[in-house]
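A short worksheet on the structure shown next.
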Amino acid sequence: MPSPEELSVENISSPAQQSKRKYPDQPKSSASSRPPAASDYQPERANVQSNLPFSKRLKTSHTAGNQGLSADMSKSAGLGFGPQKVIDLTGNKPALQMHSNFQPNTGAKKLVVKNLRTGSRTNQTEAYYTRTWGELDAALTSVFNGQTTNVALESLYRGVEYVCRRNKADDLFEHFKSRCKLYLEKEMLPQLESEIGTSCVDALRTIYKFWSRWNEQSTLLRAIFSYLDRSYLLNSKDLPQLQDLSIQQFRHTAFTKAKAKDGRRLGEKAISGMCDLVKSDRERQTELFDGDLLKNSILMLHIFGIYSKSFEPEILKRSNAYFEEFAEERATSNMKDYISSCDSLLNREATRCDVYNFDSTTKRSLHDAAHHILIESRSKILLDKVGLATLIETNAMPTLKMLYNRLSLSKIQGDLKQPFEAYIKTVGSSIVTDLEKIDQMVVRLLELKRSLDIIIRDAFEKDESFTFALREAFGNFINDRKNTAVSGNSKTGEMIAKYMDQLLRGGLKAVPRSLTSDAKDRDDAEKQGVASTGDEDAELDRQLEQALELFRFIEGKDVFEAFYKKDLARRLLMSRSASQDAERNMLAKLKIECGSSFTHNLEQMFKDQDIARDEMAAYKEAEIKSSKSLDLQVTVLSAASWPSYPDITVNLPSEVTKHIEKYDRHYVNKHSGRRLMWKPALAHSVLKAHFKKGSKELLVSAFQAVVLLLFNSLETGEGGQNLSYQDIQSATGLIDPELKRTLQSLACGKFRILTKHPKGREVNATDTFTVNAGFGDPKYRIKINQIQLKETPEENKDTHERVQKDRQYETQAAIVRVMKSRKSLSHPQLVAEVIEQTKKRGAVEVTEIKEQIDKLLDKDYLERDDESNMYVYVA
């Protein structure tokens, strides 16, 4: 069929010709019948054009008369500069106007088409189709042979489009499919089988080589036959697209039909080759491992769609066997080596899956299988008590973190609490029962707790269950009766009170370096909005809080209360507290922990201090005359709130006695009905001493001051005057234990104000003493009254006995309260009720409860009903 450009119509006039057309001459009368109207002079309306493009206008033939009309029109309606007359061609003109010969409905009289092909084109079409089909078939051959096509790719694409437009798409697809199949099975398959090596890895490498070649060829063929792919195959439900077809055909050829020399299918050998590559990587055989081949092969299987069906089951099967063998080989190693090797293996497996494009399901399956075989099935190795104890003692933090992470991934991290608690109980019990290091008990317990807290924080990811297990274990071994039987009843409470006394007297200087806070503690404190542990006050408060943690584990708190009260009294009376704020903060914490009844007497001690200062200020205002050489400070204490102290007789200097009597009269006159009991054993003094090397201020106890003042009455000389032990005792009136302690602190301690003859560490009744005139020290003020802060064995024993008596009274009170509310109880029931009520104050033995019941029976508080074997309360 000719194209539109080949058609032409005769007598299509050009614009120039159209402008020469003239209308027939009109009668003159009609031209002069009226003057021209204004509308007759509108040149824009006189330009009449055709709507057809210039090249598409039909030529029409006209008669000579019409040509004359055209000429007249060019004269009357042409494009001039003067006014032109508009001719109305619609025919709706008045009768006076001339009529046109143009008949729009009649049309052209003659139509002539030039170069019109009237013959048949079937032969030409068939020839073009045959030539195109041959070119496409030749192109397939060229692509298969790796040659360049003889026809341009664009022409081949047009040829595919032409064939498809002739409804031959199905034939073309079948021809394409058969040619590809023929090439793969007859040409590529023999080459593939001939190049296969002996090993599975060689077979895999050969398959990937031919797949790469086929992938390039199929990509070029898809570009040539893309019109077939997009216009025909895309809309077909039964036929695959060209890409899917090429993948299916190669997969069938290489993995199903191809066979190795040993008769095995080539696909099986390829899968085995991939597993062999994984095995080489696991065994670190770098010379046999080809990472690129493994990665590309995994991608090839994903493209073929056989990854989950072929490769994944095989690799999981072999991996399970490998994990079993790995676990058996390392089952006999120690816990640290086993955990490290397992963690390294699991990390390598995860990295391999990520680097070499393993599917996520494969990665998850490998991970689960490895954890089941290495962790869950061998949990006895990972939960071994001895192994865990070794890790904790060696502070193997990375290994502990690995252990917790692996157990948590298997959801069995809770099983680690049992060996964790067992270690705490074992180590804690050994500390509590170690009598040789009883003074270091609290520091060692705090160091143990500190190390365990760090493990929970850094290795166990702050797992609250392990924190709870730690507290349970500490409370267990601290209150275990077997441990208290060795170390003494409530010895832990006594040691905690003394450790707190050490902190409150010495501040941060008394804190062991092993217990100080680290950078993570400071960061956590800042995140919680509290003062950073870098601040000294905050650090001291934290150390006291750690000691209070141990105090919370103690069931019997009466021993702690007694010793803390006695130590607090010494600190207040000797003004040896490092920080008054720390003292009051600690008191507030104890009040929160134990209640107001526990801290009532402690709070009263602080109030007595404040009242005593006000009382002393009032005394000095009332006393007009005062001694220039003596400044007396008196602290009045309420006997009910402060610890009881023994009365020790001493002969005070006359001037001191005079001032004491004066203050006594002032206080009795002001507070009638009160009586002062003076305790010189708690007093301390500041003496000014003159030595050859200069003057010093000596901070001494009252007993030390009395002894030193005796040497002022001696005559000075080159040899110096001495005093015998008997002379000093007769002058001071001190008993032997106190006098020996005092002289030992002055003559045998760090600061030797006196010289003992003969020299030695012990003071005997035959010794003599002289003033050490050559004493010197860089400090101007020297503290020698440390002896007052030290507890004697007798004082310690008295304190425990007093606690025991108080505990007996509390036990009797608990028995009365229980019987008053229950009226009658059996012996086992009464014992159980009493233990429950008294355990917060102190652990009471069953035999002790029995003794107190007998005492109450003797006092007629209770009666025993012999018939029912019950205790009955007597109102």
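- By the 30° and 60° cut-offs, the orientation of the rings of Trp214 relative to Tyr183 is parallel.
- Taking a cutoff of 4.0 Å between a charged side-chain nitrogen and a carboxylate oxygen, Lys269 and Asp202 do not qualify as a salt bridge.
- Side chains of Ser319 and Arg282: a donor-acceptor N/O pair is present below 3.5 angstrom, by distance only.
- Separation of the Phe358 and Phe311 ring centroids falls under the 6.0 Å cut-off.
- For residues 234-252, every residue pair satisfying the side-chain hydrogen bond (donor to acceptor under 3.5 Å, both in side chains) rule, not counting sequence neighbours, is listed here: Asp229-Gln241.
- Remark: the Tyr307 side chain and the Thr362 side chain contain an N/O donor-acceptor pair separated by less than 3.5 Å.
- In Glu329, the CD atom is crowded: over 12 heavy atoms of neighbouring residues, nucleotides or ligands sit closer than 6.0 Å.
- Here the closest non-hydrogen pair linking Ile196 and Lys259 is CD1-O, 4.4 Å.
- For the residue pair Asp292 / Asn296, no side-chain donor-acceptor distance below 3.5 Å is found, with atom types taken as modelled.
- Using modelled atom types and a 3.5 Å distance limit, the side chains of Glu312 and Thr361 yield a donor-acceptor pair.
- Side chains of Tyr232 and Asp170: no donor on one and acceptor on the other come within 3.5 Å.
- There is no side-chain donor-acceptor pair under 3.5 Å between Gln217 and Arg222.
- No hydrogens or angles considered: a donor-acceptor pair under 3.5 Å links the side chains of Ser344 and Arg348.
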Under 3.5 Å donor-acceptor pairs involving side-chain atoms of residues 136-153, not counting sequence neighbours:
unit_1 : atom_1 : unit_2 : atom_2 : d
Asp137 : OD1    : His175 : NE2    : 2.7
Asp137 : OD1    : Arg179 : NH1    : 2.6
Asp137 : OD2    : Arg179 : NH1    : 3.4
Thr141 : OG1    : Asp137 : O      : 3.1
Thr141 : OG1    : Arg179 : NH1    : 3.4
Thr141 : OG1    : Arg179 : NH2    : 3.0
Ser142 : OG     : Ala138 : O      : 3.0
Asn145 : ND2    : Thr141 : O      : 3.1
Thr149 : OG1    : Val151 : O      : 2.9

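- Summarising the local packing, CZ of Arg318 is surrounded by more than 12 heavy atoms from other residues, nucleotides or ligands at distances under 6.0 Å.
- A centroid separation of 6.0 Å or more is found between the aromatic rings of Phe250 and Phe210.
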